[in-house]
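This report concerns only the one structure given below.
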Protein chains: 2
Amino acid sequence: MYDVAERSGVSIATVSRVYRNPDSVRAQTRERVLEAARELGYVPSGNARGLASRTTGVLGLCFPDYADPDAEADAEADSDADDAVMLYSDQIIRGMERAARRHGYALLIAASLEGGPESLVAKVAGRVDGFAVLAQTVPTEDLEVISRRLPVVMLAGPREIDHLDHIVVANADGERELARHLIEDHGLRRLAFIGGEVESPDAEARFRGFQQACRDAGLPVPDAPDLRAEMMTQAEGARTAEALLDRNAGLSDSERPQAMLFANDQMAVGALRALERRGVRVPEDIAVTGFDGIPLSRIVRPPLTTVRQPIRQLGEQAVELLVQRLSDRERPPVSLMLPVSLARRASCGCG
Amino acid sequence: MYDVAERSGVSIATVSRVYRNPDSVRAQTRERVLEAARELGYVPSGNARGLASRTTGVLGLCFPDYADPDAEADAEADSDADDAVMLYSDQIIRGMERAARRHGYALLIAASLEGGPESLVAKVAGRVDGFAVLAQTVPTEDLEVISRRLPVVMLAGPREIDHLDHIVVANADGERELARHLIEDHGLRRLAFIGGEVESPDAEARFRGFQQACRDAGLPVPDAPDLRAEMMTQAEGARTAEALLDRNAGLSDSERPQAMLFANDQMAVGALRALERRGVRVPEDIAVTGFDGIPLSRIVRPPLTTVRQPIRQLGEQAVELLVQRLSDRERPPVSLMLPVSLARRASCGCG
DNA sequence: ATCTAGGGTGAATGCGCTTTCAGAAGAAAT
DNA sequence: ATTTCTTCTGAAAGCGCATTCACCCTAGAT
């Protein structure tokens with residue numbers, strides 16, 4: 001910048017103005033400066049600018065370093081499938097990027113490898129005006145510290161820190177509606193719910209929705225999932241499906257569950273495969289449902305009935321909240337719940 | 001930082017060391033500092049750090065602001081399809097993010113709205129250690145200036161500036177192999193190639209591959225595509241397909257083209273729909289192929305035979321090149337060509 | 001007890017830019 | 001020609017951190 005100033009015979013202040021506020025510089029002077037900048041290959045330092053102006057024009061996103069084992073497995077088995085599998089994080093990124101672009105922000109993304117002062121999270125936090133965090137990505141403790149300094153919005157999970165903005169999807173409502181559909185529209189009465197880890201708030205919320213649907217329909221209300229998966233993967237889905245089959249082997253047809261509701265799509269897809277291996281027909285012998293609406297869910301046979309999450313909107317809303325908070329730091333914390341929609345497909349007997 | 005230093009009774013130099021090089025500080029002192037930082041909610045400024053150390057630990061990606069009209073249309077018509085459509089940019093982002101993560105970098109992404117000194121491109125350039133640019137995103141002129149200051153890798157396109165690293169996919173080889181497949185394996189002899197804009201180097205390279213295949217097979221070699229689309233969209237694919245049909249209406253069966261090779265998948269998908277409307281069966285009446293291997297290509301009926309681009313690898317390689325160049329600025333410019341693979345599906349008569 | 005290493009720490013400088021605050025230059029008015 | 005506004009431009013003071021250099025302290029060696 002000093003070089004540009006010298007070369008064009010002005011002061012650095014004027015060079016700065018040329019970039020920050022072109023109209024405040026006489027056209028002729030401006031041209032001289034721009035010309036010099038071009039000749040010198042001058043690229044303004046975002047760092048210095050950010051330091052001086054105390055704003056970066058960048059928003060951030062931190063997501064878990066969860067290298068989805070299912071996705072990897074699929075990729076090896078079928079390179080086609082790999083392309084189709086758009087991850088949760090991909091969609092959030094897309095949503096945020098779109099919204100950020102509208103507001104003139106760039107987006108800085110990083111998967112958190114681990115915590116600690118030298119983590120990527122710290123890197124992101126130090127370089128953005130505000131950022132979004134996927135639940136269970138950043139230790140609450142770190143988040144607590146960071147959020148005192150800049151806007152943070154929490155995505156999809158419990159609101160661990162109550163002064164943060166946060167967005168969730170209607171997990172309970174979705175599962176409730178899904179179960180209602182099975183009960184009322186398909187006349188099923190014996191439903192089995194396969195949950196996830198206890199620490200997964202999403203899975204728990206979905207189970208609560210399931211309970212509510214049972215209550216609504218006057219069916220017995222279980223106080224815990226019929227089975228829990230260790231991880232919410234296809235492998236575990238397959239294992240739990242088989243476990244359920246084995247457990248119910250002795251029952252008569254009129255006692256046996258008529259549907260398996262899985263806490264997410266990955267498990268449901270795994271279950272579909274296990275059931276096929278066992279020769280159990282879906283949906284004739286038993287209905288199967290998932291949750292999430294991942295792309296894979298519509299490619300499997302039979303296509304999976306599930307609850308679609310508006311993940312892209314999640315990302316877009318995140319940016320909106322950040323932008324709003326940036327313009328008013330005093331605003332009381334906001335908590336949004338995004339509606340979900342039922343995708344009725346063949347695995348429950350529809351379509 | 002000054003506050004932290006004061007509160008923990010040390011100098012700012014020590015606070016800095018605690019973060020930059022923890023081992024150089026006595027454990028007891030370090031704890032005091034960390035404690036103070038926690039109490040004060042201290043978040044190191046990436047800007048200041050970057051300014052002082054002249055490195056950001058961030059890599060960038062600029063891609064076109066091409067709001068894909070097809071994707072938007074699909075989204076409205078069928079919210080399911082929307083999820084499945086993983087864009088080119090999504091995949092590059094994913095590839096780059098993975099690779100960046102491995103190297104400890106975060107990723108800054110931005111679609112370029114327009115050029116000029118205040119563009120998002122400028123923002124990215126000023127905040128990263130190096131970045132990747134999708135072809136035809138940034139004016140060559142701007143790129144020329146920026147690339148004098150920091151590593152830039154050009155993705156998928158002509159190498160506009162010869163001192164840049166750059167990566168392309170084997171467009172010509174792929175199309176040539178595709179055409180060879182139609183000719184040799186399916187015995188087709190009359191092939192029509194539908195190209196894209198003249199300025200699209202990818203489309204042109206694909207056409208050259210097509211020409212080569214004709215030459216290889218001893219068939220007449222066209223010196224231009226049978227038809228050109230204005231834009232490489234579904235709508236244009238449909239239009240050109242119909243135009244081709246009309247043009248050949250008067251021909252006998254033994255003169256009529258047996259296959260339509262489109263320069264990309266989007267057009268081919270549009271064509272598929274148009275042909276269906278016209279009652280033309282694929283592949284019985286005519287074979288149809290695309291190029292790219294977008295997820296949509298396997299969902300449509302019939303599934304589209306196409307050439308799969310290794311887009312994720314494109315992103316990963318981009319990061320590798322950047323990292324390498326960062327460690328050796330003097331290295332001669334590299335030019336990589338990534339291999340593609342043929343996806344034989346039903347639309348050409350396979351499977 | 002004296003000397004020598006080294007690890008640990010602080011003072012000071014500069015990274016490249018933004019942003020007042022004044023002052024200079026030009027235009028308009030008297 | 002002088003005064004009075006505007007419009008432009010420059011000087012200078014940071015922004016928050018990394019880093020060098022010098023210095024101090026402690027522990028082991030003599």
Side-chain angles (χ1 to χ4, degrees), chain A residues 1-34 36-37 40-58 117-118 122-129 145-146 148-150, chain B residues 1-34 36-37 40-58 117-118 122-129 145-146 148-150:
Chain A
M1 184 159 179
Y2 288 86
D3 298 341
V4 173
E6 187 172 355
R7 184 172 190 117
S8 51
V10 300
S11 75
I12 60 165
T14 300
V15 177
S16 174
R17 277 190 277 264
V18 166
Y19 287 89
R20 298 294 303 161
N21 189 2
D23 293 334
S24 73
V25 177
R26 209 194 324 169
Q28 174 190 339
T29 311
R30 195 192 316 148
E31 272 316 311
R32 271 216 321 278
V33 171
L34 253 19
L40 265 44
Y42 168 66
V43 178
S45 154
N47 285 322
R49 178 172 291 184
L51 184 54
S53 68
R54 248 166 290 238
T55 140
T56 66
V58 177
E118 277 312 279
K123 179 176 294 181
V124 170
R127 315 196 83 86
V128 299
D129 290 339
V145 172
I146 295 172
R148 304 230 294 274
R149 286 303 215 247
L150 49 83
Chain B
M1 184 160 178
Y2 289 85
D3 298 341
V4 174
E6 186 172 357
R7 184 170 188 121
S8 51
V10 299
S11 75
I12 61 163
T14 299
V15 176
S16 175
R17 276 191 276 264
V18 166
Y19 286 89
R20 298 295 304 162
N21 188 1
D23 294 335
S24 73
V25 176
R26 210 193 324 169
Q28 174 190 337
T29 312
R30 194 191 319 149
E31 272 317 312
R32 272 216 320 278
V33 171
L34 254 19
L40 263 45
Y42 168 65
V43 178
S45 155
N47 285 324
R49 178 173 293 185
L51 184 55
S53 68
R54 251 167 286 244
T55 142
T56 66
V58 177
E118 278 310 281
K123 180 177 293 182
V124 170
R127 314 197 84 87
V128 299
D129 290 339
V145 171
I146 294 172
R148 302 230 295 272
R149 286 303 216 247
L150 48 81

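A, B, ... follow the sequence lines: proteins, then strands. Residue 1 opens every chain.
Side-chain proximity of B/Arg49 to C/dG10, D/dT9, D/dA18: nearest is D/dA18. In the set C/dG10, D/dG10, D/dC17, D/dC17 carries the atom at the smallest distance from any side-chain atom of B/Ala48.
Bending across the helix from C/dA1-D/dT30 to C/dT30-D/dA1, expressed as the angle between its end axes from five pairs apiece, amounts to 40° (10° rounding).
Side-chain contact check for B/Arg17 versus B/Thr14: some heavy-atom pair is nearer than 4.5 Å. Contact check for A/Tyr19 versus A/Leu34: side-chain heavy atoms found under the 4.5 Å cut-off. The shortest side-chain heavy-atom distance between B/Arg127 and B/Asn47 falls under the 4.5 Å cut-off. Between A/Val33 and A/Val25, every side-chain heavy-atom pair lies at or beyond the 4.5 Å cut-off.
A/Leu40 places its CG atom 15 Å from the C1' atom of C/dG16, with the value rounded to the nearest Å. For the pair A/Asn47 CG and D/dA18 C1', the interatomic distance rounds to 13 Å; values are reported in whole Å. Between the CG atom of A/Asp23 and the P atom of D/dC8 there is a distance of 9 Å, given to the nearest Å. Counting to the nearest Å, the P atom of C/dC17 and the CD atom of A/Glu6 are 15 Å from each other. Atom CD in B/Gln28 sits roughly 18 Å away from atom P in C/dG7 (whole-Å rounding). If you take CZ of A/Arg20 and C1' of C/dT20, they are 15 Å apart, rounded to a whole angstrom.
With the nearest nucleotide of DNA chain C identified for both B/Ile12 and B/Leu51, B/Ile12 has the one nearer the 5' end. If A/Tyr2 and A/Ala13 are placed on DNA chain D by their nearest nucleotide, the residue sitting closer to the 5' end is A/Ala13.
The side chain of B/Ser24 places no N or O atom within less than 4.0 Å of a non-bridging phosphate oxygen (OP1 or OP2) of C/dG8. The phosphate of C/dT9 (OP1 or OP2) has a side-chain N or O of B/Thr29 nearer than 4.0 angstrom. Of the side-chain N and O atoms in B/Ser53, none sit less than 4.0 angstrom from OP1 or OP2 of D/dA18. Contact annotation: B/Arg26 reaches the phosphate of C/dT9 (side-chain N/O to OP1 or OP2, under 4.0 Å). Note on B/Ser16: a side-chain N or O is less than 4.0 Å away from OP1 or OP2 of D/dA18. Residue A/Arg54 places none of its side-chain N or O atoms closer than 4.0 Å to OP1 or OP2 of D/dC15. For D/dG16, neither phosphate oxygen OP1 nor OP2 lies less than 4.0 angstrom from any side-chain nitrogen or oxygen of B/Ser45. For D/dC17, one of the phosphate oxygens OP1 or OP2 lies less than 4.0 angstrom from a side-chain nitrogen or oxygen of B/Tyr42.
Contacts classified as side-chain hydrogen bond (donor to acceptor under 3.5 Å, both in side chains) and involving residues 2-12 of chain B (residues at least two apart or in different chains) are given here: B/Arg7-B/Glu39.
Between B/Met1 and B/Ile12, the closest heavy-atom pair is CE-O, 3.0 Å. Taking all atoms of both residues into account, the shortest heavy-atom contact from B/Leu150 to B/Ala125 is CD2-O, 3.1 Å. Across all non-hydrogen atoms, the minimal contact from B/Thr55 to B/Ser53 is CG2-O, 3.0 Å.
Within the nucleic acid shown, A/Val10 comes within 4.0 Å of sugar-phosphate atoms alone, with no base atom in reach, counting heavy atoms only. Heavy atoms of B/Gly46 sit nowhere under 4.0 angstrom from any nucleic acid atom.
Judged by atom type and distance alone, A/Arg17 reaches the base of D/dG10 through a side-chain donor-acceptor pair under 3.5 Å.
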